[in-house]
Amino acid sequence: MAQRAHWKSKAGFILAAAGSAVGLGNIWKFPYETGENGGGIFVIVYLLCVLLVGLPVMTAEILLGRAAQCSPVGAMRKLAGRRSGWVIFGWLGVASSFLILSYYSVVAGWSLHYTWLAAKGGINGLGTEATKAIYMELFGNPWLNVGWHFVFMAMTMAVVAAGVSRGVERWSIILMPALFIMLGGLLIRAMTLDGFGPAMDFVFGFHAEDFGRRGVLEALGQAFFSLSLGMGAILTYGSYLKKEDDIMSAAVTISALDTVIAIAAAMVLFPIIFSHGMEPAAGPGLVFITIPVAISQLPAGSFLMMIFFALLVVAALTSAISMLEVATSYFVDERSWPRTKATLVAGGAITLVGIPSALSGSVWFFGSSMVSVIGMNWFDALGYLTNNFMLPLGGLGIALFTAWRLNDAIRHDHFLSGTKLGVFYRAWLFLLKFVVPVAIVFVFLDSIGMLRAN
Ligand code: TRP
């Protein structure tokens with residue numbers, strides 16, 4: 001039996017896990033949701049969700065991984081018993097990461113395309129209409145979509161194939177500081193803009209009239225998604241930890257980094273948008289239309305634009321690496337395949353499954369024909385399925401298993417080893433047993449429309 005791979009340093013693990021958490025969600029979802037839901041109030045509720053729901057689940061995922069020294073399927077087999085029904089949650093994790101990466105890579109591909117356009121100066125100084133046309137052209141072009149999707153998957157596979165410490169850890173140590181520097185640079189620039197004041201009011205001012213139950217549920221869902229919980233990615237990274245490492249303080253650091261970066265992204269986006277009197281948009285429209293238009297009117301706009309899209313690529317890449325690691329480690333741990341073969345098979349399959357997403361804007365079958373039947377194209381349908389069903393279910397399984405079923409001695413031992421935060425054991429267990437499951441069930445019922453009575 002080959003020795004199991006481990007992280008070389010604690011910082012390496014933390015940067016890799018933070019890389020998983022910090023992704024497109026931090027940059028295009030958090031800022032918008034904050035502005036929509038009453039600014040400062042939403043931020044406070046979001047912080048509470050991270051503290052009371054996100055942090056306990058993250059601690060549980062790391063703990064399960066480290067205790068089992070195995071990726072999700074093997075971890076559940078080891079800790080629950082080979083034939084136990086809990087193993088389904090391991091499979092669910094592998095399936096979610098597989099499906100999410102297949103469409104995540106398409107959006108990451110768009111970011112690569114825009115980085116390239118910005119480097120050539122091709123989107124500079126255009127108005128809203130022309131920038132929108134560029135986006136629609138890209139979305140409707142099968143070759144560009146599939147091509148960039150392949151390029152991005154190849155980058156992800158190259159990192160994962162190189163191994164846990166020589167690939168994932170090494171690249172996280174390079175890419176995450178690069179991300180902090182790029183974001184920091186943009187933030188300093190944003191602070192000197194006229195729109196900074198109004199933007200701060202939009203993001204941090206208390207606008208109680210815009211806040212309601214919707215805001216609470218969105219904060220909870222976003223905290224979960226943003227911390228990469230519920231699909232075994234953090235569990236898999238935790239499985240490369242050694243026994244001495246302190247789980248809870250790692251979970252605190254990772255959650256804090258993810259949250260700081262989401263807030264910083266909001267402090268970058270809105271000043272740029274408000275300085276040009278534009279309206280904040282949501283999702284792809286925000287980063288691929290509004291931002292290019294606004295940023296290109298600044299001095300050195302094309303340079304700033306290149307930095308912005310490179311930032312998106314880096315954020316997406318470190319998240320993609322962790323998703324591919326879940327599927328790859330299944331073949332390595334359960335089938336004893338060499339890592340290169342495991343990466344090629346897992347990554348190759350994900351690349352193929354991503355093709356319909358890449359064609360959702362151009363090929364009738366995956367686009368309009370599906371829209372006419374289920375109201376969504378393939379790309380949106382996958383996002384809907386994974387975010388609303390698979391992730392909450394996975395998170396619920398992990399919380400319930402850790403709190404109600406995991407062997408008490410294993411749980412207690414792993415929580416306490418190497419930590420100064422042992423006093424939080426009871427609080428953690430309480431949150432995991434009661435608060436987390438109730439919260440997840442609420443978000444789930446809401447997302448499938450069962451709470452929208454009025
Ligand atoms: N956290 C990522 C983001 O903010 C998205 C994500 C959700 C993710 N689940 C994941 C990334 C699992 C990696 C692994 O964009």
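Note: hydrogens, waters and symmetry copies are ignored here, and every other heavy atom, side chains too, is used. In listed order, ligands and their atoms are each counted from 1.
Checking M323, M157, M153 one by one against I350, the side-chain contact (heavy atoms from CB on, under 4.5 Å) holds for a single residue, M153.
Between S319 and ligand 1, not a single N/O pair is under 3.5 Å apart. At least one N or O atom of L24, backbone or side chain, sits closer than 3.5 Å to an N or O atom of ligand 1. Polar contact with ligand 1: absent for M323 (N/O pair, distance under 3.5 Å). Every N/O-N/O distance between M231 and ligand 1 stays at or above 3.5 Å.
When hydrogens are left out, the protein atom nearest atom 13 (C) of ligand 1 is S322 OG, 3.2 Å; that is the closest non-hydrogen contact. If you check which protein heavy atom lies closest to atom 8 (C) of ligand 1, you get S228 OG, 3.3 Å. From the protein, the heavy atom lying nearest to atom 2 (C) of ligand 1 is A21 O, 3.6 Å. Shortest contact from atom 7 (C) of ligand 1 to any protein heavy atom: F225 O, 3.3 Å.
Neither the backbone nor the side chain of K29 comes within 4.0 Å of ligand 1, counting heavy atoms alone. Residue-level proximity to ligand 1 for S20 is carried by backbone and side chain together, each with a heavy atom below 4.0 angstrom.
Ion pairing of R339 with E325 is present here, as a side-chain N (NZ or NE/NH1/NH2) and a carboxylate O approach within less than 4.0 Å. Under the 4.0 Å criterion applied to side-chain N and carboxylate O atoms, E218 and R214 are assigned as salt-bridge partners.
The environment of CZ in R170 is sparse: at most 12 heavy-atom neighbours from other residues, nucleotides or ligands sit within 6.0 Å.
Those atoms of ligand 1 with a heavy atom of S226 less than 4.0 angstrom away are 1 (N), 4 (O). Heavy-atom contacts of N26 reach the following atoms of ligand 1: 4 (O) (cutoff under 4.0 Å). Those atoms of ligand 1 that come under 4.0 Å of a heavy atom in A233, given as number and element, are 14 (C).
Residues N145 and W110 have side chains in contact (heavy-atom distance under 4.5 Å, counting atoms from C-beta outward). Proximity of F98 to V353: side-chain heavy atoms (C-beta onward) are separated by under 4.5 Å at one or more points. Between Q222 and C49 the shortest side-chain heavy-atom distance does not fall below 4.5 Å.
The six-membered or imidazole ring of F309 lies away from that of W116, with a centre-to-centre distance of 6.0 Å or more.
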ask   = So L391 and L229, side-chain contact (heavy atoms from CB on, under 4.5 Å) or not? Walk me through it.
value = CA-CA 7 Å; L391 291 186; L229 300 173; over 6 Å; no
